[in-house]
2 protein chains.
Amino acid sequence: MARSRAKDYDDKRLSMLHRAAELFAASGYVGTSMNTIADACGVSKALLYHYYPDKEAILFDLLSSHLERLVAAVRKASASAGDPVERLGMIVTTLLELYRHADAEHQVQIASLRLLPEQKQQPLLASERILVGIMSDALAAAVPAAKQKRVLKPLTMSVFGMLNWHYMWFREGGPMTRADYADFVVQLVLAGAEEAAAAVARPRSKAKPAGRSRQAALL
Amino acid sequence: MARSRAKDYDDKRLSMLHRAAELFAASGYVGTSMNTIADACGVSKALLYHYYPDKEAILFDLLSSHLERLVAAVRKASASAGDPVERLGMIVTTLLELYRHADAEHQVQIASLRLLPEQKQQPLLASERILVGIMSDALAAAVPAAKQKRVLKPLTMSVFGMLNWHYMWFREGGPMTRADYADFVVQLVLAGAEEAAAAVARPRSKAKPAGRSRQAALL
DNA sequence: CCTACCGATCGGTAGG
DNA sequence: CCTACCGATCGGTAGG
């Protein structure tokens with residue numbers, strides 16, 4: 001009995017978390033009232049406060065659960081792969097696939113994580129750093145040019161840029177699947193990194209190799 | 001006299017807009033009170049309401065000015081370039097260079113544009129679409145693979161993903177300049193697009209060419 | 001009668 | 001688990 005009650009409790013809590021994520025994604029964290037969340041979940045505000053001490057705890061638990069899911073899945077993907085290129089592909093595909101049912105959480109992570117007080121941001125930023133580290137290691141192993149000192153960071157962040165931006169334009173049911181876009185990103189990086197590396201790997205200087213597309217005049 | 005007064009008025013207005021952008025970027029649109037904005041600008045709240053009828057008008061004017069600046073600069077960059085590759089480089093470099101002094105406005109665009117009522121979003125989304133269109137045209141002209149039916153959109157959005165994400169990691173004064181990263185993105189796309197295109201250009205099917213890094217099992 | 005501004009306070013709603 | 005509330009602060013406006 002206590003078991004089934006605990007299960008109900010967690011089920012309810014997780015469903016409320018997801019509903020809250022959708023509301024935060026639509027109206028922003030501050031723009032969503034506790035009353036709105038309670039109504040949307042079909043519970044009283046008092047019950048909401050039975051699950052969480054305050055509004056901040058909802059945002060924290062939401063992001064914490066989301067990021068821990070991402071870390072676990074990406075770790076598993078990274079471990080299960082054979083060669084480095086396959087590993088990179090697994091990681092990118094896994095991330096895009098997880099976002100399928102966590103679009104709201106993903107948007108809240110981007111827009112509202114920084115609204116938490118620094119102390120509560122800390123463990124969440126640590127999870128983000130773990131994800132970045134796994135991706136970075138995978139890129140360094142799969143892409144020869146990524147081993148260069150100044151290339152790894154911009155390359156890693158470019159990949160996250162492409163992945164984290166996908167929610168702005170990617171629509172389910174179109175001609176392109178998530179796996180297609182994952183493949184697109186991986187191939188872009190594998191085939192383009194060496195040329196791109198030349199743009200940042202050399203020490204900064206005014207003189208540019210002739211024939212390269214560089215707009216020094218503008219800066 | 002009337003002229004110089006009008007000039008003061010506009011100077012003051014623009015400086016208040018930028019201050020508001022910084023506050024919105026830090027605490028969110030709803031999380032920033034009119035009192036906070038007025039205090040930060042060193043004016044009374046009544047004066048703030050002399051410049052803008054309500055809080056929404058501040059957000060709208062802020063984003064409207066920002067996007068119009070982007071559109072004007074990108075149009076100019078596009079028109080001034082000679083060959084297609086140079087045009088693409090000019091556009092990407094121009095965007096990253098504009099963000100140097102409009103980081104707050106850029107973040108507000110990403111996080112808070114959608115909080116406006118739909119009718120007020122409309123002209124702002126139209127400006128965004130113009131930017132996307134110019135980038136898309138430049139990519140189609142500079143990158144052979146981008147002429148394929150299903151490649152242009154993901155490629156365009158990948159570029160915007162990389163550029164729009166840069167504020168999360170790029171720090172001024174590091175070993176890499178904005179121009180360096182602009183070049184990095186352009187070279188990545190120029191060198192990698194053809195291989196990436198293969199991932200989305202072919203009709204969807206379960207059978208994949210052997211040797212390609214595809215994780216069908218995961219999906 | 002106008003525009004540019006002030007100190008003070010309105011009605012309504014937020015998180016708790 | 002609900003209704004009834006609170007102290008505080010919100011966006012916006014009053015008279016002058």
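Letters go in sequence order (proteins before strands), and every chain restarts at 1. For clarity, every value in this text was computed on a predicted model and none was experimentally measured.
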Hey, does the side chain of B:Ser44 come within less than 4.0 Å of C:dC6's phosphate (OP1/OP2), counting only N and O?
yes
Using a 3.5 Å limit on both pairing distances, list the dot-bracket string of DNA chain D from the 5' end; Watson-Crick and G-U wobble pairs count, crossing pairs take [ ], interstrand pairs take |.
....||.|.||.|.|.
Could you go step by step and tell me if A:Tyr181 and A:His166 meet the ring-ring contact (aromatic ring centres under 6.0 Å, His included) rule?
CA-CA 9 Å; A:Tyr181 186 57; A:His166 91 290; 7.3 Å; no
Output all residues satisfying side-chain contact (heavy atoms from CB on, under 4.5 Å) with B:Arg13, sequence neighbours left out; order by chain, then residue number.
B:Tyr9, B:Asp10, B:Leu17, B:Tyr51, B:Tyr52, B:Asp61
Only counting residues at least two apart or in another chain, list the ones meeting side-chain contact (heavy atoms from CB on, under 4.5 Å) with B:Val71.
B:Arg75, B:Ser127, B:Ile130, B:Leu131
Specify the separation, in whole Å, of atom CG of A:Leu47 and atom P of D:dC1.
5 Å
Without placing hydrogens or testing angles, list every side-chain donor-acceptor pair under 3.5 Å for residues 103-111 of chain B, not counting sequence neighbours.
residue, atom, partner, partner atom, Å
B:Asp103, OD2, B:Gln107, NE2, 3.0
B:Glu105, OE2, B:His18, ND1, 2.7
B:His106, NE2, B:Asn164, O, 3.2
B:Gln109, NE2, B:Glu128, OE2, 3.0

Do any of residues 16-34 of chain A sit with a heavy atom less than 4.0 Å from DNA chain C, and if so which?
A:Thr32, A:Ser33, A:Met34
Round to a whole Å and report the spacing from CG of A:Leu48 to P of D:dT3.
15 Å
Looking at B:His50, does any N or O in its side chain come under 4.0 Å of the phosphate oxygens OP1/OP2 on C:dA4?
yes
Contacts of type side-chain contact (heavy atoms from CB on, under 4.5 Å), residue A:Lys45, not counting sequence neighbours
A:Met34, A:Asn35, A:Ala38, A:Tyr49
Distance alone, cut at 3.5 Å: any donor-acceptor contact between the side chains of A:Thr36 and A:Asp39?
no
Return the value, rounded to whole Å, for the distance between atom OH of B:Tyr52 and atom P of D:dG11.
17 Å
Can you check whether any acceptor in the base of C:dG16 is under 3.5 Å from a donor in the side chain of A:Lys55, or vice versa?
no
Figure out the CG/C1' separation between B:Leu115 and D:dG11, and round it to whole Å.
16 Å
Write down the distance between OH (B:Tyr49) and P (D:dT13), rounded to a whole number of angstrom.
7 Å
For B:Asp54 and C:dC10, what is the distance between atoms CG and P respectively, to the nearest whole Å?
22 Å
Residues which pass salt bridge (Lys or Arg N to Asp or Glu O under 4.0 Å) with B:Glu118, listed by chain and number, not counting sequence neighbours:
none
Under the rule for salt bridge (Lys or Arg N to Asp or Glu O under 4.0 Å), what residues qualify as partners of A:Lys76, not counting sequence neighbours?
none
Under the side-chain contact (heavy atoms from CB on, under 4.5 Å) rule, collect the residues that match up with B:Gln119, sequence neighbours excluded.
none
Rounded to whole angstrom units, what separation is found between the OH atom of B:Tyr51 and the C1' atom of C:dA4?
8 Å
Here the distance between atom P of D:dA4 and atom CG of A:Asn35, to the nearest Å, is 14 Å
